[in-house]
Amino acid sequence: MSVPRFWREIPYRYRLIGSYCEKCNETFFPPREICPRCRRSGDIKDIKLEEEGEIFSYTVIRTAPPEFDVQTPYAIALIKLKNGPLIMSQLTDCEMDDVKIGKKVRMVFRKISEDGEAGIINYGYKFVLAE
Amino acid sequence: MISIVGYGSYVPKNRIKTSEIAKIWGKDPQNVERGLGVYEKSVPSLDEDTITIATAATKYALKRAGIDPEEIGAIYVGSESHPYVVKPSGTVVAAAIGCEGELKCADYEFACKAGTAAIQNVMGLIEGEYIKYGLAIGADTSQGAPGDALEYAASAGGAAFILSKKNKDSIATIEETLSYTTDTPDFWRREYQHYPQHGGRFTGEPAYFKHVGTATKMMMDRMSLNPDDLDYIVFHMPNAKFPVNMAKKLGFSTEQVTQGLVVSKIGNTYSGSSLLGLTAVLDVAKPGDKILMSSYGSGAGSDSFYITVDDAIEKKRDMCPKTWDMIDNKRYIDYATYTIYRKKILMR
């Protein structure tokens with residue numbers, strides 16, 4: 001990932017800042033500049049999403065892209081946040097047998113990837129099992 | 001008077017047993033365990049580093065402080081394992097908690113006492129009325145070379161403290177702080193070196209015991225304290241033997257040290273060490289209790305703090321996970337996994 005792209009996305013990657021259309025009451029994550037429903041008549045504002053939710057669905061990755069290979073097996077989950085939309089996130093610090101649909105999860109701030117030994121470190125949200 | 005209004009701790013979930021490391025290097029596990037008083041240590045996950053540990057501890061501190069992150073006027077992160085040599089850890093922590101903007105920020109290094117140095121600097125800025133709230137963090141993912149004595153204890157963890165002038169939300173008030181510093185080369189890491197070097201037994205009497213002992217005695221003289229006047233003692237914990245022996249030498253009982261002695265279960269978290277001990281004490285202390293904490297940083301120096309616990313501790317301590325509960329929430333890994341997690345083997 002390029003450094004400027006990573007930098008632009010810091011608010012939503014670090015703090016789960018999404019967007020919210022005051023006209024149609026829809027929440028978006030990643031945030032949208034324009035409401036895809038209301039178009040020009042929409043009224044988009046930033047919203048801090050809850051850091052707690054539950055697993056809506058998940059898959060276990062056993063064959064990963066090279067930079068994530070050392071982490072296998074790991075789970076990628078669709079998470080229904082308390083006040084927000086479904087978001088996709090890696091689960092961390094858990095055994096694959098413990099990952100179940102409906103389990104409560106909470107956000108943690110972790111390293112997502114590194115641009116090699118000398119490049120930028122990309123931080124962001126992941127989720128852990130809350131119980 | 002400067003007070004702690006929020007504190008938080010974080011210990012990674014992974015543990016490796018001392019006996020597992022000893023077995024790999026052909027040592028008698030029981031001898032090593034008995035010698036160090038360290039039975040297992042924390043290991044950061046692949047996606048954890050000093051910045052993520054600092055952020056996790058800070059989020060708990062913010063919850064206990066109950067303040068808007070934008071009110072924080074300074075962030076100082078003390079560590080000897082900052083992920084970047086050039087780019088402050090504090091900037092990432094600031095973005096992660098949402099307090100970028102008008103903010104004083106820098107990273108500190110002083111071996112294992114950089115976190116307590118951060119607290120002293122935040123205290124000065126608040127006392128001088130440059131800031132209202134300040135955040136001081138001590139966190140590390142410390143490294144010990146494979147086979148080196150350090151490998152049995154070098155671990156990961158951290159603690160964060162939000163300070164302000166004493167008010168109704170004060171958890172504990174720092175009545176006094178002082179430092180004792182000399183040029184004592186007991187432990188060091190040169191630029192571009194992955195692992196630190198140390199002076200073996202030289203790290204004991206002329207280094208740890210001289211500095212921690214002197215700073216603690218200076219504090220007790222200045223505040224006219226006797227050992228019985230204190231409820232809890234927290235010293236830097238490179239192993240369990242040093243702080244317990246230090247306490248005995250100064251006339252303290254084992255009971256005064258035990259609550260903060262986290263090292264036996266998580267190892268030496270370097271800049272997080274004495275601060276994690278302090279969080280463990282705050283988790284149980286009662287209003288009016290007196291705490292004396294003396295950190296130690298190789299090189300060498302010791303920062304000593306005399307602290308009185310305030311009323312707000314009762315309503316704030318249960319807001320977040322407590323340090324000993326976090327220590328008990330663990331999963332064991334073997335040495336092979338440990339070498340991957342700590343990047344001790346060459347990967348393609």
Side-chain angles (χ1 to χ4, degrees), chain A residues 3 6-18 46-52 61 64 66-76 89-98 106-131, chain B residues 10-15 42-60 62-63 68-70 82-87 89 91-100 139 141 192 194 320-321 326 329-333 336-337 339-343 345-348:
Chain A
V3 172
F6 163 75
W7 173 77
R8 274 197 302 274
E9 295 174 350
I10 279 177
Y12 93 77
R13 287 183 181 277
Y14 283 19
R15 300 198 304 279
L16 289 185
I17 302 296
D46 284 350
I47 182 172
K48 169 78 179 85
L49 301 180
E50 291 279 343
E51 297 187 359
E52 293 174 0
I61 307 293
E67 64 182 301
F68 295 98
D69 193 37
V70 70
Q71 299 180 41
T72 56
Y74 60 87
I76 298 286
S89 173
Q90 186 175 342
L91 301 181
T92 186
D93 279 355
C94 59
E95 306 304 324
M96 293 307 100
D97 289 345
D98 296 334
R106 64 181 170 81
M107 188 203 122
V108 291
F109 182 75
R110 295 291 174 94
K111 277 194 290 189
I112 305 297
S113 63
E114 296 177 47
D115 188 10
E117 287 288 308
I120 203 87
I121 303 169
N122 301 310
Y123 294 93
Y125 61 85
K126 288 186 184 181
F127 281 76
V128 293
L129 299 178
E131 59 226 4
Chain B
Y10 182 78
V11 179
K13 198 172 176 182
N14 308 303
R15 300 283 179 279
S42 60
V43 180
S45 291
L46 281 163
D47 57 3
E48 291 183 302
D49 62 16
T50 290
I51 287 176
T52 67
I53 289 169
T55 302
T58 297
K59 287 173 99 166
Y60 290 137
L62 268 171
K63 200 169 177 184
D68 183 339
E70 290 187 350
H82 292 289
Y84 291 99
V85 175
V86 179
K87 179 175 174 23
S89 300
T91 59
V92 184
V93 175
I97 62 169
C99 73
E100 293 170 286
T141 56
Y192 308 118
H194 194 56
C320 304
M326 223 176 275
N329 179 24
K330 59 191 171 186
R331 65 172 179 191
Y332 288 105
I333 58 173
T337 308
T339 61
I340 296 170
Y341 280 18
R342 299 308 291 133
K343 297 184 177 172
I345 53 172
L346 277 175
M347 308 285 284
R348 62 186 155 77

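A, B, ... follow the sequence lines: proteins, then strands. Residue 1 opens every chain. Every heavy atom of this structure was used, including side-chain atoms; hydrogens, water molecules and symmetry mates were not.
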Q | Steps toward side-chain contact (heavy atoms from CB on, under 4.5 Å) verdict (Lys111(A), Asp49(B)) | A | CA-CA 8 Å; Lys111(A) 277 194 290 189; Asp49(B) 62 16; 3.5 Å; yes
Using non-hydrogen atoms and a 4.5 Å limit, figure out which bit of [X] sits close to chain B: side chain, backbone, both or neither.
X         : value
Lys48(A)  : neither
Ile120(A) : both
Tyr123(A) : side chain
Glu114(A) : side chain
Val70(A)  : both

**Q.** Residues Thr91(B) and Lys87(B): side-chain donor-acceptor under 3.5 angstrom
**A.** yes
Which atoms of [X] are under 4.5 Å from chain A, going by heavy atoms: the side chain, the backbone, both sets, or neither?
X        : answer
Ala95(B) : both
Ile97(B) : backbone
Tyr84(B) : side chain
Leu46(B) : both

**Q.** Most contacts with chain B, counted as non-hydrogen pairs under 4.5 angstrom, among Ile121(A), Val128(A), Ile17(A), Ile10(A)
**A.** Ile121(A)
(Q) I'd like to know if the side chain of Arg342(B) and the backbone of Thr141(B) have a donor-acceptor N/O pair within less than 3.5 Å. (A) yes
Q | Backbone N/O of Ser45(B) and side chain of Glu48(B): donor-acceptor pair under 3.5 Å | A | yes
Q: Salt-bridge test for Asp93(A) and Arg331(B): reply yes if a basic N is under 4.0 Å from a carboxylate O, no otherwise.
A: yes
